[in-house]
Amino acid sequence: MNLPDMQSAKSRNKERVEFIYSTPIVNNEFNGKKYFIRTYGCQMNVHDSEEIAGLLENIGFESVESEEVADIIILNTCAIRENAHDKVFGFLGRCKHLKELKPDIKIIVCGCMAQEKSVVDEIMSKHKYIDLVFGTHNIHELPNYLMNLTGGLNIEVKSNEGNVFEIGENFKRDSKYVAWVNIMYGCDKFCTYCIVPYTRGKERSRKSKDILKEVECLKMKGYKEVTLLGQNVNAYGNDLEDDLNFAALLEAVAKTGIERIRFVTSHPWNFTDEMIDIIAKYDNIMPYIHLPLQSGSDRILKLMGRRYTKAEYLSLYEKLKSKIKNVAITTDIIVGFPNETEEDFNETLSVVEECKYDGAFTFIYSPREGTPAAKMEDSIPMNVKEERLQKLNEIVNKYSNMNNQKYLNTKQKVLLVGTSEKDNNKLYGYTETMKLVNVDCDKNLVGNIVDVTITEAKSFSLDGIVE
Ligand code: 5AD
Ligand code: SF4
């Protein structure tokens, strides 16, 4: 697998970093007002919502758990598949109803859907009760937008070429123990089915010194784990001049001494031996890798623009397994890409049989307007796609369960992060390999990494005790 020639992209970010620190705006207009955020989609959106919450609290807003009692309702949207769209428009129907009862409520739509022209057009023609639409490139402007809202629909969507904004510790983080840290924004891969390069723009890496400063600061505050975030983290630094590549960044983060480091998402094409060696070398880089496969058929991989073959993927997989002790690997798979034959699908199943993943997110292909794949003819009926998904899920679950069984009666280091949803008397946390564990233990242990004996292994979680 060759690294891309990114010379032309280098220096793109040279003069494009802007620092925006949180000076609370003196304005009593929002003191005590209530906000509610509903977040759809990936970790990037979850982290953007942490920024939105931070910005709002900076100007006096307080969070509430229900949209019914909010003064402003924010929908941070996802565009990756059609069902994400449908969920957003479903919730907007509810918001419209609330606004009829309480006309002063402000309804705000942001996130990936806001970057889609067709969605903005639809909002302008059919959803005029919405007060503000803003995009993924200008989140930091939200306080200004709120202060300057005019009656009616305000649209504030910027192009995809935006700067890298450094906003300091402006986040209201969901956890006191585990934190997301953006290392790059956007994606240059343009897989033919994917809308992300259009909604999130070009790859823009943050400077390593800013990332390291953030990690140091989190460590000082007592955070135990950071997850480095990007659509394609292995391409980190390709657009920067005189800065670190991803392997060197990982090493620098490991040297801060923070207890746990994770990263998502990796693209197989950009995964170098140097990265694997660094992951294997440092105990605080967790042995867990999310490595999207998408398809096991070379024909479909080519149509998807994934830049690797089945054999190249498998060889990378084997290298990861052999070099990184006890590594757990999960994946993403799409079934029903246009004209995927039974033979193509069987190639995907054969990779799953070979890799025996710890887990997989599986999807039926969803055409996204504006992407090359959306223009491809497709002769595969939906019921065939559904059958394939079901068959795939059965195999994925079998291996997920099988991998979990290996943990039975072993001792695992678990970072306890909160109260278990299933049983309020228990805490939950994650093993180094990212297995969810519900733990019977003293609740005061929350926030600690403890030795847990695994007493039961299920398909999607483990149970354990602290002895
Ligand atoms: N249809 C179905 N799944 C998709 N994904 C991305 N775009 C689409 C699409 N158009 C899946 C990929 C990706 C994950 C985040 O979502 O598997 O890795
Ligand atoms: Fe989408 Fe491909 Fe970029 Fe992942 S690598 S965000 S699938 S375009």
Side-chain angles (χ1 to χ4, degrees), residues 1 3-4 6 9 40-46 77-87 111-113 115-116 118 136 160 182-205 229-236 238-239 246 263-271 289-297 300-308 313 316 329-340 345 348 351-352 357 359-376 378 380 382 385-386 388-389 392-393 396:
M1 273 174 259
L3 280 174
M6 294 298 286
Y40 300 84
C42 66
Q43 295 95 336
M44 196 66 82
N45 269 17
V46 170
T77 63
C78 168
I80 201 110
R81 284 169 291 273
E82 192 59 33
N83 59 359
H85 264 226
D86 297 345
K87 281 189 207 157
C112 288
M113 276 172 66
Q115 294 295 144
E116 285 184 278
S118 58
T136 54
N160 294 332
N182 277 128
I183 63 166
M184 62 186 302
Y185 305 94
C187 181
D188 284 351
K189 286 287 177 295
F190 289 93
C191 300
T192 57
Y193 52 81
C194 185
I195 200 164
V196 168
Y198 309 91
T199 60
R200 290 279 173 177
K202 280 190 163 300
E203 279 172 6
R204 284 150 291 136
S205 303
L229 266 189
Q231 306 294 348
N232 181 10
V233 287
N234 316 72
Y236 171 81
N238 285 350
D239 59 321
F246 184 58
F263 51 91
V264 277
T265 287
S266 296
H267 191 299
W269 192 63
N270 289 111
F271 223 120
I289 292 163
H290 185 64
L291 193 71
L293 166 70
Q294 311 302 4
S295 169
S297 149
I300 297 288
L301 284 170
K302 195 154 191 201
L303 287 171
M304 285 178 162
R306 288 294 289 176
R307 311 176 187 206
Y308 52 81
Y313 181 95
L316 172 63
I329 300 182
T330 56
T331 198
D332 289 342
I333 297 170
I334 298 175
V335 300
F337 189 79
N339 293 326
E340 180 192 61
F345 175 62
T348 298
V351 177
V352 175
Y357 293 106
F361 297 99
T362 56
F363 313 100
I364 291 184
Y365 165 72
S366 169
R368 309 314 297 136
E369 200 184 318
T371 61
K375 295 187 199 84
M376 296 178 189
D378 188 4
I380 312 294
M382 188 45 93
K385 297 187 183 200
E386 283 165 355
R388 286 181 189 165
L389 182 72
L392 172 64
N393 284 343
V396 161

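As the structure lists them, so they are numbered: ligands from 1, and atoms in each ligand from 1.
Panel note: side chain Thr362, backbone Ile333; no donor-acceptor pair is recorded below 3.5 Å. Arg368 contributes no side-chain N or O that, together with a main-chain N or O of Ser366, makes up a donor-acceptor pair within less than 3.5 Å.
Ser266 meets the side chain to side chain contact (heavy atoms under 4.5 Å, CB included) test with Val233, Asn234, Phe263, Phe271, Ile289, Leu291; sequence neighbours excluded. Every residue meeting the side chain to side chain contact (heavy atoms under 4.5 Å, CB included) condition with Pro338, not counting sequence neighbours, appears here in chain and number order: Tyr365, Met376, Asp378.
The aromatic rings of Phe337 and Tyr193 sit perpendicular, their planes meeting at an angle over 60°, well past the 30° parallel limit. The aromatic rings of Phe363 and Phe361 sit parallel to each other, their planes meeting at less than 30°, with 60° as the upper class boundary.
For the pair Cys187 and Pro197, the tightest heavy-atom approach, listed with the atom from each and the gap, is O-CB, 3.4 Å.
With no hydrogens or angles considered, a side-chain donor-acceptor pair links Asn232 and Glu203 at under 3.5 Å.
Listed by chain and number, Cys194 SG are the protein N/O/S atoms closer than 2.8 Å to atom 1 (Fe) of ligand 2, with waters left out.
Taking a heavy-atom cut-off of under 4.0 Å, ligand 1 is surrounded by Ile80, Arg81, Tyr193, Gln294, Asp332, Ile334, Phe363, Ile364, Tyr365, Ser366, Arg368.
Within ligand 2, counting atoms from 1 as listed, the ones closer than 4.0 Å to a heavy atom of His267 are 5 (S).
Heavy-atom separations between Arg200 and ligand 2 are all 4.0 Å or longer.
How far CD of Gln231 is from SG of Cys191: 11.0 Å, rounded to the nearest 0.5 Å.
Considering only heavy atoms from C-beta on, His290 comes within 4.5 Å of Asp332 through its side chain.
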